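Read through the structure below, which is laid out as structure tokens, and then see the notes.
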2 protein chains.
Amino acid sequence: MTTISDVARLAEVSVATVSRYLNESGYVGAKSRQSIETAIKELNYVPSEVARSLSTKQSDIIGLIIPDIKNPFFPELARAVEDTAFEYGYTVILCNSDENPTKEKHYLQKLTKKYVAGIILTTILEQESHWKDVKLPIVALDRPIDSDVPTVTTNNQKGAKLATDFLIACGATNLLCISGPEAFVSSQSRVEGFQTASRKKNITTHIIESAYDFDIAEKIIYDYLKNNPSVDGIFACSDASAIGALKAAHRLGIRVPEDMQIVGFDGIQVGNVVTPSLTTVAQNIYQLGQTAAKLLIKQIEGQKLTNESICIDPELIIRETTRKERFE
Amino acid sequence: MTTISDVARLAEVSVATVSRYLNESGYVGAKSRQSIETAIKELNYVPSEVARSLSTKQSDIIGLIIPDIKNPFFPELARAVEDTAFEYGYTVILCNSDENPTKEKHYLQKLTKKYVAGIILTTILEQESHWKDVKLPIVALDRPIDSDVPTVTTNNQKGAKLATDFLIACGATNLLCISGPEAFVSSQSRVEGFQTASRKKNITTHIIESAYDFDIAEKIIYDYLKNNPSVDGIFACSDASAIGALKAAHRLGIRVPEDMQIVGFDGIQVGNVVTPSLTTVAQNIYQLGQTAAKLLIKQIEGQKLTNESICIDPELIIRETTRKERFE
DNA sequence: TTGTATGCGTTATCAG
DNA sequence: CTGATAACGCATACAA
């Protein structure tokens, strides 16, 4: 590994000058510049980011802590973060927390040790606050953690309202809402949206809870529908549950969308590949990640944007599990 | 940020002793140990990995270069790598190359600058060899890059043979193979497996190529099937193409599996959620990632295992796009 | 068993 | 415009 002093020696200047050249800080004469450039080429020199990091106490690494990259919601998010990081010259470390406080804490510490420039955090742990110890720039993604921390989320309530209104417009009157785990603020907001939209004449509502998981949701919904065959519309707080609902309906011989309509939430790819394809409230996942990354980088590069929070509108994507045409 | 000398001062020992304590290298007396421990607690000291890295020229960061985390094959792979890294105390930097040589080269260099401990690489660029410049430990994943480099792959040929044999056993006689891009060695192997298995009496075969992409595959296959309605069995070299085939068949009014059977390759989650669910040759994706990570870490921690390559057997998962029962 | 001194590759300060 | 030189935080050879 060739170092800055090798370059300096070959170029017959001092390391200081080379450093200045490298960072475009301070002056460096024309001939110095020349010889430095050729020396660098000659030696195939690549500066050590580690040494630079030690000296400046900064780095170009961003930590991304998410529950699980296998969860279909996160690959696109991660990709957006990585793309944006790449664009601004940063690099991202991927951490899967499994919603596990211990693991999360571990990563937080590990990232701190590495002088990472900042952290993007997707966590449900509102009350816990290990993240308060870290002095680094943080952005909360998808799930707010504290009013102090800049946050990027989807407008969940609005999305849920969109879905429910649509379900009703399509003729559903007996609505079942599949909420997510109680700990998810996002799920709560979706349920609220559902409730305000369904508070109408002639609309019956039920709410049950399920994990955001195909199989678990399928079982729960299967049992529920067996005992409540009059349900004719489902708003699921996640596409995973929506697909579970679809399967449950299939097993029960309930035709979708003829006998029962379904609207999901998230906009993950699978929704489009399932049969019938899923009508859903799509979060703008890519934009979510991109915005979070940009917000973080802004912070890293100086600005102190406390309290800045961004809420992104989701979009209703009408596919085959609803039958709007009948009512238009 | 508190440093090792803060600890030394408070514990009234030298930094060397603290360092020894930290790394469990060399001796450190009982009372020294005591005071150091309390000092560390007291100060909430966390060693700087950057400084350590500079000093030792090592790090605990692993670079993972994949084409695109959004591609449904990679999240599980990434997760496996990350889990294994975590287990051994490493951390992973995620890089999406988009199969783009320039981007790939960029990442390779960037990772080198960071003194990463090693790199796991999924690339198709056999002939290109920017990776030869990097002296770091490397493991090729999913796609071999050179006989010098330890490689972890699925036994593609065997898997393809498995699929094709099964298709024939299920009564298909007019077989269409959807290959992947020519540049993928893995795809080539699968096609070979298909060919050796279908070289039998009374079996007709066709081979067409498609990108590993739902929509592209759907179009290509739709066109092909329209002109070749006698095809009664499809072996797709990826689940993505298989699902494309499913959709194409659906649009053409071809019933699956009654009129035509389909077997995919990969074993990604969507295959199980599509209707009818996809019979496929499932790669052991998690094991693939895990093995690669372990191999890399072995290398990092001393061993020079050149030429060590591991080939993992895939498994046929029988679901609803085939109709074995008729022939058992 | 412990401490001193030096190096790791850069940045940055401060005289020239 | 340029060059010594002191940090940065830690590891380690060498002394003690």
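Per chain, numbering begins at 1; letters A, B, ... match sequence-line order. All values reported here derive from a predicted model rather than from experimental measurement.
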Provide a list of protein-nucleic acid N or O atom pairs under 3.5 angstrom, restricted to nucleotides 10-13 of chain D.
{"from": "D:dC10", "atom 1": "OP1", "to": "B:Tyr45", "atom 2": "OH", "distance (Å)": "2.5"}
{"from": "D:dC10", "atom 1": "OP1", "to": "B:Ser48", "atom 2": "N", "distance (Å)": "3.0"}
{"from": "D:dC10", "atom 1": "OP2", "to": "B:Ile4", "atom 2": "N", "distance (Å)": "2.3"}
{"from": "D:dC10", "atom 1": "O2", "to": "B:Ser55", "atom 2": "OG", "distance (Å)": "3.4"}
{"from": "D:dA11", "atom 1": "OP1", "to": "B:Asn23", "atom 2": "OD1", "distance (Å)": "3.2"}
{"from": "D:dA11", "atom 1": "OP1", "to": "B:Asn23", "atom 2": "ND2", "distance (Å)": "3.3"}
{"from": "D:dA11", "atom 1": "OP1", "to": "B:Arg52", "atom 2": "NH1", "distance (Å)": "3.0"}
{"from": "D:dA11", "atom 1": "OP2", "to": "B:Ser19", "atom 2": "OG", "distance (Å)": "2.9"}
{"from": "D:dA11", "atom 1": "OP2", "to": "B:Asn23", "atom 2": "ND2", "distance (Å)": "3.3"}
{"from": "D:dA11", "atom 1": "O4'", "to": "B:Ser55", "atom 2": "OG", "distance (Å)": "2.9"}

Query raised in the report: Should the pair B:Phe86 and A:His106 be assigned to parallel (<30°), tilted (30 to 60°) or perpendicular (>60°) ring geometry?
Result: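 B:Phe86 and A:His106: perpendicular rings.
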Using atom [atom1] of [X] as one end and atom [atom2] of [N] as the other, report the distance to the nearest whole Å.
X: A:Met1; N: C:dT10; atom1: CE; atom2: C1'; value: 13 Å
X: A:Lys31; N: D:dT2; atom1: NZ; atom2: C1'; value: 12 Å
X: A:Tyr27; N: D:dG3; atom1: OH; atom2: P; value: 17 Å
X: A:Tyr21; N: C:dA12; atom1: OH; atom2: P; value: 18 Å
X: A:Gln58; N: D:dG9; atom1: CD; atom2: P; value: 14 Å

**Report entry** Phosphate-side-chain proximity, A:Lys57 and D:dG9, N/O vs OP1/OP2 below 4.0 Å
**Finding:**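 Yes, A:Lys57 has a side-chain N/O under 4.0 Å of OP1/OP2 on D:dG9.
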Query raised in the report: Would A:Arg33 count as a cation-pi partner of A:Tyr21, with NZ or CZ less than 6.0 Å from the six-membered ring centre and within 45° of the ring normal?
Result: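 No - A:Arg33 does not lie over the ring of A:Tyr21 by the 6.0 Å and 45° rule.
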Requested in this report: Write down the atom of B:Thr112, the atom of B:Leu136, and the distance for their closest heavy-atom approach.
Outcome: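 Distance-wise, the nearest heavy atoms are CA-CD2, 4.5 Å.
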Query raised in the report: Hey, are A:Ser14 and A:Thr17 close enough side-chain-wise for a donor-acceptor pair under 3.5 Å?
Result: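 A:Ser14 and A:Thr17 do have a side-chain donor-acceptor pair below 3.5 Å.
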Query raised in the report: Does atom CD of B:Glu12 have more than 12 heavy-atom neighbours, drawn from other residues, nucleotides or ligands, at distances under 6.0 Å?
Result: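 Open: at most 12 neighbouring heavy atoms sit under 6.0 Å from CD of B:Glu12.
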Query raised in the report: Under 6.0 Å from the CD atom of A:Glu182, do we count more than 12 heavy atoms belonging to anything else shown?
Result: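 Open: at most 12 neighbouring heavy atoms sit under 6.0 Å from CD of A:Glu182.
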Query raised in the report: In residues 32-40 of chain B, what residues come within less than 4.0 Å of DNA chain D, judged by heavy atoms?
Result: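 Going residue by residue through residues 32-40 of chain B, none turns out to have a heavy atom under 4.0 Å of DNA chain D.
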Query raised in the report: Base, sugar-phosphate, or nothing for A:Val50, non-hydrogen atoms under 4.0 angstrom?
Result: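 Since no nucleic acid heavy atom lies under 4.0 Å of A:Val50, the category is nothing.
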**Report entry** Passing candidate, side chain to side chain contact (heavy atoms under 4.5 Å, CB included) with A:Phe73, options A:Leu288, A:Asp68, A:Ile66
**Finding:**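 Testing each of A:Leu288, A:Asp68, A:Ile66 against A:Phe73, the sole residue satisfying side chain to side chain contact (heavy atoms under 4.5 Å, CB included) is A:Leu288.
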Query - A:Asp60/B:Lys114 salt bridge by N-O under 4.0 Å criterion - result: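 A salt bridge is present here (some side-chain N lies under 4.0 Å from a carboxylate O).
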